[in-house]
S.K.: 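Before anything else, here's the structure in question.
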Number of protein chains: 2
Amino acid sequence: MGRPRSFDLNKALDRALHLFWRKGYEGTSLSDLTKAMGINRPSLYAAFGDKEALFRKALERYRGGPAAYTQEALNETTARAVVERLLRGAADLTTAPRNPGGCLTVQGALACSEAGDSIRQELTACRAAGEAAIRRRLEHAKSNGDLPADTDPADLARYVATIVYGIAVQAAGGARRGKLQRVIEMALRTLPL
Amino acid sequence: MGRPRSFDLNKALDRALHLFWRKGYEGTSLSDLTKAMGINRPSLYAAFGDKEALFRKALERYRGGPAAYTQEALNETTARAVVERLLRGAADLTTAPRNPGGCLTVQGALACSEAGDSIRQELTACRAAGEAAIRRRLEHAKSNGDLPADTDPADLARYVATIVYGIAVQAAGGARRGKLQRVIEMALRTLPL
DNA sequence: CAATATTTGTACCGATAGGTATTGAAAGCG
DNA sequence: CGCTTTCAATACCTATCGGTACAAATATTG
């Protein structure tokens, strides 16, 4: 019972996500958010909690939506296919015309004031978790003989993650998809697998 | 004539630089700055102009100081030495204990509000200029036969820059120097030179 | 219909943002 | 010394920040 909500939760969350994605956590104001989401402030707080809670929900939606390719990539059958799909997916995601340039987990809060430090740490942890997932997948590959014996899965995972982050910075600076694909060609041509 | 300035311009600028480096352009407030610089607000405005001008001066000092290794790297005699020194220098700079983690040109303003957009563009241009300098150096190397004929200097420069940016993001997330050196080993082992 | 539960809109809160007007202090020069 | 010039310090400006109190509006339930 009670008056029903007059807006769509997920649509509003998507708007918030795109804003955080483009302007970062601290660069996005509540006024920006309410305007883009088409709701007013008390409705936002009732539905999502404070700004920090809203960002975390947007991050969750990011991981389950635009960034979901990472899970699919990890399900590829060979280590090389995993790496290739991770890199190509990163270039596609960060340069898709319908998205803000770059990656939310990189530009959401790389450096910020004390007020944003909790979110900064959350994004750092999020990147570390992604890197750990790659490492585990590569460890599995190694135990299957799908990775050279002299290759350390942790090193390779960190290397792949580093290139993904670099691609995100390039995209934030306006790099086009084709240019990033050439970067990926260079990275792939010379991998130890 | 007139009353002499009671603080050291360059020392104050260094304090501002370290603050911007750690917290980004918008994450650093004027109160943060005046406190760290040991001066009060009107002195700051008289000596450096507004916040935006102060940041540009800090960026200039960054390029001429902590980031000056890039120029030295470009003066190396072989293309491989250039690339190696660029990468090793990036890891050293972004993980030096006496510095904030990461790179000012990456985390200074990757994503921000409209108010910071001018600085964001400046940093984007700064990164592009660095990449262009690498490309020109590699073009020169190619004309000297120091680069394989099938290697595009622009592609290689973009690849190197991408790894440098990735290293900066890793360092901002707390990565240690040793780990980044392993990333560099992987990148170097497989370069087309 | 009346009663209740929930959302909405407006208007506001204290705190802080970047930036400045003004006054008093400290130096050089005659 | 007295005059001028520059800097330093306090206090203040408007705008905006994230967050909320309160009352009007809209639905379900009896």
Side-chain angles (χ1 to χ4, degrees), chain A residues 1-13 15-17 19-20 22-59 108-109 111-122, chain B residues 1-13 15-17 19-20 22-59 108-109 111-122:
Chain A
M1 62 179 72
R3 178 173 175 175
R5 182 175 287 123
S6 71
F7 62 94
D8 184 284
L9 267 181
N10 284 334
K11 267 196 167 55
L13 189 52
R15 302 278 178 83
L17 165 58
L19 224 49
F20 281 133
R22 181 159 58 89
K23 303 169 74 163
Y25 174 65
E26 291 199 309
T28 305
S29 73
L30 281 180
S31 299
D32 292 335
L33 288 165
T34 54
K35 195 165 83 174
M37 298 165 87
I39 65 182
N40 40 35
R41 221 168 270 226
S43 299
L44 189 157
Y45 275 80
F48 302 102
D50 64 5
K51 188 187 179 187
E52 204 172 305
L54 173 60
F55 184 89
R56 287 181 212 275
K57 288 186 170 69
L59 175 59
C112 59
S113 78
E114 286 85 0
D117 204 65
S118 166
I119 294 298
R120 203 201 92 246
Q121 288 180 28
E122 168 114 9
Chain B
M1 60 181 73
R3 178 174 175 176
R5 183 176 285 123
S6 71
F7 61 95
D8 184 284
L9 267 181
N10 284 335
K11 265 194 167 55
L13 188 52
R15 303 280 178 82
L17 165 57
L19 224 48
F20 281 133
R22 182 159 58 88
K23 305 169 72 162
Y25 174 65
E26 292 199 309
T28 305
S29 73
L30 282 181
S31 300
D32 292 336
L33 289 166
T34 54
K35 196 166 80 175
M37 297 165 86
I39 65 182
N40 40 35
R41 221 169 273 226
S43 300
L44 190 156
Y45 276 81
F48 302 101
D50 64 5
K51 189 186 178 185
E52 203 172 307
L54 173 60
F55 183 89
R56 287 181 212 274
K57 288 187 169 70
L59 175 60
C112 59
S113 77
E114 286 85 0
D117 205 64
S118 165
I119 294 297
R120 204 200 92 246
Q121 289 180 27
E122 169 115 8

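Each chain gets a letter, A, B and so on, in the order the sequences are listed, and its residues count up from 1. The structure presented is a predicted model; accordingly, all values stated were derived computationally and were not measured.
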S.K.: With a strict under 4.0 Å distance from non-hydrogen atoms of chain B, what nucleotide opens and what nucleotide closes the contacted stretch of DNA chain D, reading 5' to 3'?
M.R.: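 Nucleotide range with atoms under 4.0 Å of chain B: D/dT5 to D/dT10.
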
S.K.: Record whether the side chain of B/Arg41 comes under 3.5 Å of the base of C/dG18 through a donor-acceptor pair of N or O atoms.
M.R.: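 By the distance-only test, yes, there is a pair.
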
S.K.: For A/Ala58, what residues pass the side-chain contact (heavy atoms from CB on, under 4.5 Å) criterion, not counting sequence neighbours?
M.R.: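 Checked A/Ala58 against side-chain contact (heavy atoms from CB on, under 4.5 Å); matches are A/Leu13, A/Leu17, A/Phe20.
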
S.K.: Provide the closest heavy-atom pair for B/Ala111 versus A/Gly24 in the form atom of the first, atom of the second, distance.
M.R.: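 Reported closest heavy-atom pair: CB-N, 3.8 Å.
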
S.K.: Can you list everything that forms a salt bridge (charged side-chain N to carboxylate O under 4.0 Å, His left out) with B/Arg22? Sequence neighbours excluded, please.
M.R.: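 Checked B/Arg22 against salt bridge (charged side-chain N to carboxylate O under 4.0 Å, His left out); zero matches.
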
S.K.: Look only at the side chain of B/Asp8 and the backbone of B/Asn10, and say whether a donor-acceptor pair between them is shorter than 3.5 Å.
M.R.: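 At least one qualifying donor-acceptor pair exists.
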
S.K.: Taking only distance into account, with no hydrogens and no angle test, what donor-acceptor pairs under 3.5 Å do side-chain atoms of residues 45-56 of chain A form with protein atoms, sequence neighbours excluded?
M.R.:
residue : atom : partner  : partner atom : Å
A/Asp50 : OD1  : A/Glu52  : N            : 3.4
A/Asp50 : OD1  : A/Ala53  : N            : 3.0
A/Lys51 : NZ   : A/Tyr25  : O            : 3.0
A/Lys51 : NZ   : A/Thr28  : O            : 2.8
A/Glu52 : OE2  : A/Arg56  : NH2          : 2.6
A/Glu52 : OE2  : A/Ser118 : OG           : 3.0
A/Arg56 : NH1  : A/Glu122 : OE1          : 2.0
A/Arg56 : NH2  : A/Ser118 : OG           : 2.8

S.K.: If you find the nucleotide of DNA chain C closest to A/Phe7 and the one closest to B/Ser31, which residue's nucleotide is nearer the 5' end?
M.R.: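 Looking at DNA chain C, the more 5' nearest nucleotide goes with A/Phe7.
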
S.K.: Working to the nearest 0.5 Å, report the span between SG of B/Cys112 and CD of A/Glu26.
M.R.: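 If I round to the nearest 0.5 Å, the distance is 11.5 Å.
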
S.K.: Is any side-chain nitrogen or oxygen of A/Ser43 closer than 4.0 Å to OP1 or OP2 of C/dT8?
M.R.: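 Result: yes.
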
S.K.: Please work out which residues in residues 33-40 of chain A have a non-hydrogen atom less than 4.0 Å from an atom of DNA chain D and list them by number.
M.R.: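 Output list: empty, so none.
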
S.K.: Just how far is it from atom CD1 of A/Ile39 to atom NZ of A/Lys11, taken to the nearest 0.5 Å?
M.R.: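 The NZ atom of A/Lys11 is 14.0 Å from CD1 of A/Ile39, to the nearest 0.5 Å.
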
S.K.: Return the minimal non-hydrogen interatomic distance between B/Leu44 and B/Leu33, and the atom names on each side.
M.R.: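 Closest heavy-atom pair between B/Leu44 and B/Leu33: CD1-CB, 4.1 Å.
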
S.K.: Judged by atom type as modelled, is there a donor-acceptor pair below 3.5 Å linking the side chain of B/Asp117 to the main-chain atoms of B/Glu114?
M.R.: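 Checking the backbone N and O of B/Glu114 against the side chain of B/Asp117, no donor-acceptor pair under 3.5 Å is found.
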
S.K.: Give the minimum heavy-atom separation between A/Ile119 and A/Ala109, together with the two atoms involved.
M.R.: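 Looks like CG2-CB, 4.2 Å.
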
S.K.: Assign A/Ser113 to base, sugar-phosphate, or nothing according to its heavy-atom contacts below 4.0 angstrom with the strands shown.
M.R.: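 A/Ser113: no heavy atom of the nucleic acid under 4.0 Å.
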
S.K.: Determine, for nucleotides 22-29 of chain C in 5'-to-3' order, which nucleotides have protein heavy atoms under 4.0 Å from the base (write B), from only the sugar-phosphate (write S), or from neither (write -).
M.R.: --BBBSS-

S.K.: Can you check the A/Leu44 CG to C/dT7 P distance for me, whole Å?
M.R.: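 After rounding, the gap between these two atoms is 13 Å.
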
S.K.: Shortest non-hydrogen contact from B/Ser113 to A/Lys23?
M.R.: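 Heavy atoms of B/Ser113 and A/Lys23 come nearest at CA-CE, 4.0 Å.
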
S.K.: What is the distance, rounded to the nearest whole Å, between atom CG of A/Leu30 and atom C1' of C/dT16?
M.R.: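 Spelled out: CG on A/Leu30 to C1' on C/dT16 is 15 Å.
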
S.K.: Roughly, in whole Å, what's the span from CG in B/Asp50 to P in C/dA17?
M.R.: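 One finds 16 Å between P of C/dA17 and CG of B/Asp50, rounded.
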
